[in-house]
Amino acid sequence: MATSTSGARSGTSGDIWEKAARAGYAVSGVLHLILGFLIVKIGMGSGGEADQSTALASLGHNPLGTVILGAAAAAFLALALWQLADVVRGSDTTDRLKAAGKTALYLSLAVTAASIAMGSSDTNGDQQAQGFASTVMQAPAGRVLVGAVGVGIVAAAIYHVYKGFTKKFLEDLKPINRGEVGAGVRVLGMIGYPAKGVALGVVGVLFTAAAVTADPNKAQGVDGAVESLLGAPGGPVIVILVGLGFAAYGLYSLGRARYARM
């Protein structure tokens, strides 16, 4: 890995760590494709759950499931450590905070994949969100902290929408040719980021509602957000569009595995 931020972002080191971190983006892409499929099913009335634990567990439903989940955990861990390195070496506070958030996200996915591989019946995203909110609320100023988490998630959601509409995500990628591949990656990012932003926005609102009402059960993950969207006017159509957007983000992430500035 390069020793400077600019060098690290060139994506040209080509070492084992970088390749493993790129694999993390690929696994994330597969998970978002599965999530997109699950969300579309819910929108079409087939029921089920749509969260990352369910998506990861689905990877284990084959004879090589343990191996696949172990490889996914290793890839997410490599990507988490790569982001952690950005926290340490970064000079811009905003970029370091983003990298810290990504570190926590990918580390969580690594732990979840590893626990499922070892036979743990992992709780779903809604239960995890409620457990987190309940634990934090027991601390001094706990409701304020949960509310801050909710506001932070809403801010991240808005940024996802902004990043998609303005094509700012292209800054995360190495130059791509102007042909079909380049155009495809750009279109997928423009669709995927706003769709994911919609789901994150609902999650943030639900966390904020949990803080305001002092009810940790109102905190929800992606699955709870999808259920909330389903109850809105035109809910099934909205949910299906969000699911297709998640699938688009998944395909974009697969492209990012190849073109990311590391």
Verify side-chain contact (heavy atoms from CB on, under 4.5 Å) between Met44 and Ile240, making sure each step is shown before the conclusion. CA-CA 7 Å; Met44 296 178 68; Ile240 290 172; 3.8 Å; yes

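- Note: His160 and Tyr193 have tilted aromatic rings, judged against thresholds of 30 and 60 degrees for the angle between ring planes.
- By the rule that hydrophobic residues join a cluster once side-chain heavy atoms approach within less than 4.5 Å of another member, Leu251 and Ile191 end up as members of separate clusters.
- Expressed to the nearest 0.5 Å, how far NE2 of His32 lies from CG of Leu254 amounts to 11.0 Å.
- Listed for the Ser28 side chain is no donor-acceptor partner under 3.5 Å among the backbone atoms of Gly24.
- Note on Leu230 and Val40: separate hydrophobic clusters, where clusters join Ile, Leu, Val, Met, Phe, Trp and Tyr whose side-chain heavy atoms are under 4.5 Å apart, directly or indirectly.
- Shortest non-hydrogen contact noted between Lys168 and Tyr162 is CD-CE2, 3.7 Å.
- Looking only at side-chain heavy atoms (C-beta outward), Phe76 and Val27 come within less than 4.5 Å of each other.
- Judged by distance alone, with hydrogens and angles left aside, the side-chain atoms of Thr103 form a donor-acceptor pair with the main-chain N or O of Leu84 at under 3.5 Å.
- Taking every heavy atom of both residues into account, Phe246 and Ala195 meet most closely at CE1-O, 4.0 Å.
- Side-chain atoms of Asp215 do not come within 3.5 Å of backbone N or O of Ala210 as any donor-acceptor pair.
- Shortest non-hydrogen contact noted between Ala114 and Ala73 is N-CB, 3.9 Å.
- For Asp172, the salt bridge (charged side-chain N to carboxylate O under 4.0 Å, His left out) partners two or more places apart in sequence, or in a different chain, are Lys163, Arg256.
- Met137 contributes atom CE, which lies 10.0 Å from atom CG of Leu145 (distance to the nearest 0.5 angstrom).
- Looking at heavy atoms from C-beta onward, Arg22 lies out of side-chain contact with Arg258 at the 4.5 angstrom threshold.
- Among all heavy-atom pairs drawn from Ala157 and Gly201, the shortest one is CB-N, 3.2 Å.
- Here Leu241 contributes atom CG and Ile39 contributes atom CD1; the two are 11.5 Å apart, rounded to the nearest 0.5 Å.
- Put simply, Val161 and Ile238 are part of two different groups of oily side chains (I, L, V, M, F, W, Y) that touch within less than 4.5 Å, one to the next.
- Shown here are the side-chain hydrogen bond (donor to acceptor under 3.5 Å, both in side chains) partners of Tyr159, two or more places apart in sequence or in another chain: Lys98.
- Between the NZ atom of Lys218 and the OG1 atom of Thr208 there is a distance of 12.0 Å, given to the nearest 0.5 Å.
- Using modelled atom types, no side-chain atom of Ser108 and backbone atom of Ala104 make a donor-acceptor pair closer than 3.5 Å.
- In terms of hydrophobic clustering, with Ile, Leu, Val, Met, Phe, Trp and Tyr side chains grouped at heavy-atom distances under 4.5 Å, Leu33 and Tyr106 are assigned to a common cluster.
- For Lys41, the salt bridge (charged side-chain N to carboxylate O under 4.0 Å, His left out) test picks out no residue, with sequence neighbours left out.
- The backbone N or O of Val111 lies less than 3.5 Å from a partner atom in the side chain of Ser115, making a donor-acceptor pair.
- Of the possible donor and acceptor atoms, one in the side chain of Trp17 sits under 3.5 Å from a partner among the backbone N and O of Ala78.
- Between the side chain of Ser228 and the backbone N or O of Gly224 there is at least one donor-acceptor pair closer than 3.5 Å.
- Note that the CD atom of Gln83 and the CG atom of Asp86 stand 5.5 Å from one another [nearest 0.5 Å].
- In the hydrophobic cluster analysis, where Ile, Leu, Val, Met, Phe, Trp and Tyr join through side-chain heavy atoms closer than 4.5 angstrom, Leu188 is grouped together with Leu170.
- Smallest separation of non-hydrogen atoms from Ala219 and Ala129: CB-O, 3.9 Å.
- A heavy-atom distance below 4.5 Å is not found between the side chains of Val136 and Val149.
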Could you go through the side-chain contact (heavy atoms from CB on, under 4.5 Å) check for Tyr252 and Arg186 one step at a time? CA-CA 8 Å; Tyr252 164 79; Arg186 283 189 286 273; over 6 Å; no

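- In this structure, Leu56 and Ile116 approach most closely via the heavy-atom pair CB-CD1, 3.9 Å.
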Show your working on side-chain contact (heavy atoms from CB on, under 4.5 Å) between Val154 and Phe207 and close with a plain yes or no. CA-CA 9 Å; Val154 170; Phe207 262 86; over 6 Å; no

Working note: Leu38 + Ile42, criterion side-chain contact (heavy atoms from CB on, under 4.5 Å); need CA distance, chi angles, decisive distance, verdict. CA-CA 6 Å; Leu38 295 173; Ile42 292 173; 5.5 Å; no

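- Once rounded to the nearest 0.5 Å, the distance linking CD of Gln220 with CG of Leu206 reads 6.0 Å.
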